[in-house]
Structure formats: structure tokens, C-alpha cells
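Quick note: numbers below take in every heavy atom, side chains included, and nothing from hydrogens, waters or symmetry partners. Worth saying up front: this structure is predicted, and the values here are computed from it rather than measured.
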Amino acid sequence: MSETARDTTRIRFPPSFVPRLQRLVGRLSAERARCEGAGGGALEGGGDEFVGHRAWRPGDELRDLDWNLLARFDEPFVRVHRREAGERWALLLDTSASMGLGRPPKLQRAAEVASGLAFVGRAAGAHVRLHAMRDGEPVSRGLRSPAELRGWLAFLEGLRAAGTGGLRPLLERIPARCERVFLIGDLFDLAPAEAIALGRPGRGVDVVRVLAPRELAPGAEHLQVEWLDPETGEHLDVALDGDVRRRYERVLARHLEDWRATCARHRVAHGAWSSARPFEDLVRGVLFR
Amino acid sequence: MTAALLAGAFAWPPGLLLLAIPAALWIAVRRRRAPRREATGTLELWRLADGAAASRGARARRRRPPGLALLCASLVCGALALAGPRRGAATPAVRRLLLDRSPSMYLPWNGGDARRIDRALDAARASLRDGAGAGDEVRWVAWDGEAFVERSGAQPPAAWLRAPTAPLPPPPWERADRAGWTWITDAAPAVGRRRAGLCASGGAAVGGPVAYHDGVRTVWDAGGLHGEPAAEARTLFAAAEVPRPVRELARAWAAARGVGSTEDPSAASLRLRGSAAPPAAGGVVGAERDGWSAGGPAGALGAVTHDAQRAEGSETWLAAPDGRALVVWRPGSIEVAWRDPLEVAGDPAAFAVSWSALFDAALPPPAGIVAWAERQDAGAPLSAPGTARASASPAGSGADGVGGGPWSAWLAGLACLLAVAATRLEA
């Protein structure tokens, strides 16, 4: 499908998306089953059902450490518990104007990723609900059955990248009982502290950042660029020479590293991807990091 | 017109095409540097990277390319230096091409089909087309034996390309040694040439008849000079309308010169005609010349009218006090307006000598007779530029140096300075 001729603020799922999504869900569900035995990262959780051990990794809580195994083998292992069926997942999708940027648009890719996560979660028995802003008002859509695929996609196609809403207005929409929260967007309107504040015992938080390719690596074809923020209307003339380009890349790397380090300290998963990557890569990266 | 102006203003106008390089460079870089408006979600990061405060709606700084401007200026100067501007040559000037119409010019060139005049004209045309001053107005000049005759046009008059019936002398070269003139001849004249240009065809010696006398042609060839019987004799036709004193004198002159008589005017070498019109009322028309005078009734001239024949080389030999032509001649033809009875006064010998000189001038030589001096080796082809707006021969630019002399040197130097400055600025 052509990514250039259509309205980039809209979400349009091509006919090939549904079979791709179904293949992905099937594959990831199978892998999930295998990972449970080995302690797959994203599928493990704070449930009570013990499923096995895996090697200790930096960031794991010491309370999960199996002291008996440590004493016996002199190697750190953590206990892995299977999450219980019926846990609640909340997917927060950023639909601010900046999500309409990129090729493909960030919103398009973010919606595809949200669909992938939702259907994998549904296949695992989770109750999934997606929250977004539409016409300045928060809207949500639950996914109770794979049969709701068409309605789910139609709901997403009704969203549009516009306004300055971002994710912040959606944070309060997260229900008190929610075991998994996914923040999906570019997250430039959010501070790391706001994301980690969502974490609490029994709840995992995943930050899924989707950035436009030119946001990750600005092109070199123009020396003078007038950058425009579609949300605030502010603009900035930049002489895009080698020095400025390198400084930008350093600033961006520092920004992402700040997010990653902060999230890691608070057991919040964080990942940033280019919208040019296939959505399957992003979903797999989120669930298996 | 533009091409003509450029050709006049620059020694090598194609060099101006190089101006496209700095123009294209300037446009390309300006387009590349022209701010492109692009939306981003990372404006704050760009602000941090750029280190400049963004302002709402304010025109932000734009980086000027001084090095680029200097580089383009350097390229412009370089292109102009290569084209070679010439001082004071912005408007087309008149270039006079003096065509030598002496008999040697109509001889074959090195035994080929082309003649010396053709080769010399080819060289002149090449200089007009390619050389400096290619856009100048061209005027063709020839010497008619008494004065320079001038014609305009891209090509010389067709009549000049045909050998004259009566041999013409070479032009007085010393009078034609002027700026803006080019001599078109076969051999470089012996006179000193300081200002005029030269296009000489050269050409090997051409053997052939060099003289005719009394039924015998003198032929010059590799074996030297030798005589041979003339294949055809020259004849005189004297019409009955011609006054008797003139007619009798003509017959006596013909007998002395070995010229036969004929009653067929179309076969005659020299036709002596009278006035076809009856005498006009008004009495006797008198005239005098060379110490004699005559008077008699005169009619209008017929076949050889003054005005009609002037362009073909005829001229009035004798005119009445009121300006009316009485005797008009051209090679091969003499027409007399007087009719009988013609009263001749003064010295009879002067009358005879005067008319005999006219008959000698009007009697064309036998075909193919070219003087021995005209048939000599003309040497190698030669082209030389003149001063100022003179000949622009292919060798002209070489003689003047590439470009336009000091202007080119100054421009080239300026181009180097600007290039160095641009390099330092960019560094």
C-alpha cells in the first residue's frame, strides 16, 4: 500500500494487515507458552502460580531471588510465576498531531502495535481495553473476543492524529485494577516521572515509543530546515549542517537514555522504535524484552 | 543582433557559456539552503541542539553563504576572462573588404577549379564568421580604375566575381591601408601594410597567353615565351549612323591595329554605334576635348544609354555643356550621339589621337590574354589581422593573444583572488 498518497493523520489498515496480525498472534502465543517455562520476560508476572526458574537479570527484584538455589549452585536464579488469566490490560494510544508525522505515520504504526498487543493479550486471556483521544474527548474500546477484530479495527480507523492531547489526559482513565499498562506513542509530551508513577505492585508498565525515521536520523538533503511543531505551531529555523546534526543526535540519544535509565530503575519497560519498522518487530520487542 | 554584439564585444563569445556554471551553482546551493518547512515532534530537541531560542512567528536566523558568493563571482570573472572582453567594441563597426579585381585574381588556383578570387574570398568569409568583430557590418570595396566603389551585403556583387571585360589595375593599396579594412587579393602587395588586414589566396604561377598583336598570341609557359597564331581575330563594326569623321577615323585606326571590319554587330569585338533617334530640334550641339572641338546635330543615345549602362561600367567620354552625354563607351562598345553633318574644328591630329585612345581603351583584348606579370607565382596563402576593427582572420585571436588583452588579464587575476578569498572564508 502506498504510504505517501493518503492522509497521514488517519489510520488505514490494508487488507494484508489482518492475516499478518493473525499470524503474529498465533506465533507469539506459541512462544509465550514456551517462555513461561523458561521465564519469558514480558509474560511473567506477579501471579501466584509458580512455573519455574530463570537466570537472574539486572533489574530483577531481590524478593524473587531463590536463595536456596543460590546457596546450592552459587548462581542467582529467580522464581517465575505465571500470570493469571483474567488480568486487565490498558493500552493508551497517543493521537496527538505529532503522531501524524513520519513515513509511515507514527499513528499508523502505533495503532498496528496496539492491535498486536491487544490480540496477543486477549489470546492469553487478558481483558484488554484501549484508550485514546478523539475530537478532544477520551474514548475507549474493549476487546473481549477475537471475533471483534473488525469492530476493533474500525474503532482505530476512526481516530485521527490531531490536537495536543497526547497521553496525559488518558492517564487518569487507567482503572485502579489493571495489571498491565502500555503507553504507546512518541511520548514527547510526557515526562519519565509521569510514566513511572503509573507503576505499582502487581502492575507492569510498558513504554512503547514510536518515532518517525527523520526524528531518529534527520536527512541531509536540506541545509536549512524550518522545523514546525504541529501541536503548538512553534517553529524553528535550523541550519542543518554537520555540527547541528551531530548535536541533535547526541541530544536525542541522551533523551532516550534518560528515559530508559529512569524506567529501568523503576521496573518500567521502555523501548523506542522507528515507525519504518514492521509492527511485528515492535510487538515482539515489547512482549519479549 | 545579440550574437553580433557579443561577437563584437568578446574575442571568444562561446566562453560566455561558462557563465552558466556559477549561475547553476548559485541556484543549486540557494535551493539547497532555502529553508524547507517540515513538521517534527522533536522541536524541543532541535532547540537544544541548535542552541538558539525559537520565537513564535519570528524570522529566525539564516546562514548567509559569503564564500559561495565569492566563489560564484570568481567563476564569473573567469568566464569573462576566457571570453576576452574588448574595450569600446560593444557596437558593430563597419568592416571594409577591398576586393582586388586585377586579372590575376581570376586565374585558376593551383590548377584546380577554384580561382584565386574564390580562395581569397573563402578566407575572408571565414574571418568574418569566426574571427574577432564577426558581428560588424560588412561593406565590399573594389577599385574601378579611378575610385573605390563600395557595396553593402554579406556577399560581394556577383559582377565582381566575373573577370572584367577590360583588365582592371590593382587597387592603390597604400590608399587602402586603413583600420577596419581588409585586403582580399592573391599575393601580398609590396607596399607596407600597417593597419589593414590581409587575406591572400596565394597560388602557383599560371601559364597561358600574355599578349596579342597582329594575329599572333604570345604564350608564356614552362618553355618560356613563344608566339602562336591567334585562333580568332578582333573585328570592328561601325554603324552607318556614326558621323563620317568618326567612322573614317575608326576604320583607319582598325587598319593600323590589325583589327578587321565586319557588318555583323553581334560578331564584332568593338561596336561603334550612332544615335538611333532623329536629331532634336535646337540646332548644333558642340563639345570639346583634348584640343579639338566639334559640333553637329545630336539625337538621344539608344542602346548604350548613360544611366542604364553606368552600372555595367560604361562611362561618358564626351558631354555637351548642358551635361548631355555625346559619347558613351564601355569595353566593346562606343555610342555616339552626334549625327552627320559633324563639323570638327581645332587640331586634326589631336582629334585622331584622342579618338584612337578611346578606341584602344574600348577594344577588349582577345579572350584569355592575361599579362605576364599577372600570371606569376602568388606564393602561399596568407592571412593577417589588421588593427582595431580590421580583419578578423582565424589567426587573429592568436596574434592578439587569447581573450581581450589587458581586460582578460585583470579579470583572470580578480578571479584568482576571489577564489582564494572564497576558500579561506569557507575554511
J.: Assess whether atom CZ of Arg139(B) is packed by more than 12 heavy atoms of other residues, nucleotides or ligands within 6.0 Å.
T.: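 Atom CZ in Arg139(B) is packed in, count exceeds 12.
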J.: Within this structure, what is the CG-OG1 distance for the pair Leu211(A) and Thr42(B), rounded to the nearest 0.5 Å?
T.: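 Separation between the atoms: 8.5 Å.
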J.: Holding to side-chain contact (heavy atoms from CB on, under 4.5 Å), I want the full list of residues that pass it with Ala212(A), two or more places apart in sequence or in another chain.
T.: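 So Ala212(A) forms a side-chain contact (heavy atoms from CB on, under 4.5 Å) with Lys106(A), Glu215(A).
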J.: What's the spacing between Leu236(A) CG and Glu44(B) CD if we round to 0.5 Å?
T.: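 CD of Glu44(B) is found 9.5 Å from CG of Leu236(A).
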J.: Minimum heavy-atom separation for Ala49(B) and Val244(A), please, with both atom names.
T.: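 The answer is CB-O, 4.2 Å.
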J.: Considering only heavy atoms from C-beta outward, does the side chain of Phe188(A) approach that of Leu45(B) to under 4.5 Å?
T.: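 In short, these two side chains touch, coming nearer than 4.5 Å.
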J.: Please name the pair of heavy atoms, one in Thr40(B) and one in Pro230(A), separated by the smallest distance, quoted to 0.1 Å.
T.: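 So the two residues come closest at O-CD, 3.3 Å.
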J.: Quick one: what part of Tyr248(A) sits under 4.5 Å from any heavy atom of chain B, side chain, backbone, both or neither?
T.: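 It is both, since atoms from each part get that close.
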J.: Using non-hydrogen atoms and a limit below 4.5 Å, what part of residues 251-259 of chain A faces chain B?
T.: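 Answer by number: Val251(A), Leu252(A), His255(A).
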